[in-house]
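What you see is a predicted model, and the numbers here were worked out from it, not measured in a lab.
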Amino acid sequence: MWRFLKAVKNGEHRVAPMTWAAAIAAVVYTISPVDLIPELVLGPLGFADDLGMWGILAALLVREQRRWQDAVDSQR
């Protein structure tokens with residue numbers, strides 16, 4: 001995972017725009033006071049929508065890492 005992040009940082013791998021959009025959306029939605037399921041009303045259950053956003057982001061990051069790994073493997 002660290003090699004993947006380093007490749008992104010160094011510009012060796014270009015992350016899909018949808019992944020960047022999901023990352024920004026996850027951060028903004030998590031810190032936003034507007035929620036589909038408010039934490040103040042439903043307590044811990046209110047974090048379900050936040051976790052859903054982070055789950056989508058995690059799936060997209062795994063897909064990006066696999067794309068990068070496939071590219072690395074094909075160069076060998």
### Task
Kindly compute the distance separating CD1 (Ile56) from CG (Leu61), expressed to the nearest 0.5 Å.
12.0 Å
### Query
Quick one: does Lys6's side chain get under 4.5 Å of Glu12's, heavy atoms only?
no
### Task
Report the C-alpha separation of Arg63 and Thr19 in whole Å, then their side-chain angles, then the decisive distance to 0.1 Å, and conclude whether the side chain to side chain contact (heavy atoms under 4.5 Å, CB included) test is met.
CA-CA 9 Å; Arg63 183 183 72 178; Thr19 304; 3.9 Å; yes
### Task
Evaluate side chain to side chain contact (heavy atoms under 4.5 Å, CB included) for Arg3 paired with Trp68, printing each intermediate quantity in order.
CA-CA 10 Å; Arg3 287 182 31 215; Trp68 170 75; 3.6 Å; yes
### Query
Do you know the tightest heavy-atom contact between Phe4 and His13?
CE1-CD2, 3.7 Å
### Message
Restricting to non-hydrogen atoms, name the atom on Leu57 and the atom on Ala22 that form the minimum distance, rounded to 0.1 Å.
### Response
CD1-C, 4.1 Å
#### Entry: Trp2 reachable from Val62 in the ILVMFWY side-chain graph, under 4.5 Å edges
no
### Task
Nearest 0.5 Å please: distance from the CD atom of Glu64 over to the CE atom of Met18.
11.5 Å
### Approximate separation, where rounding is to 0.5 Å, of Asp50 CG and Ile31 CD1
11.0 Å
### Query
Taking the side chain as C-beta and beyond, is there a heavy-atom pair between Val27 and Trp54 under 4.5 Å?
yes
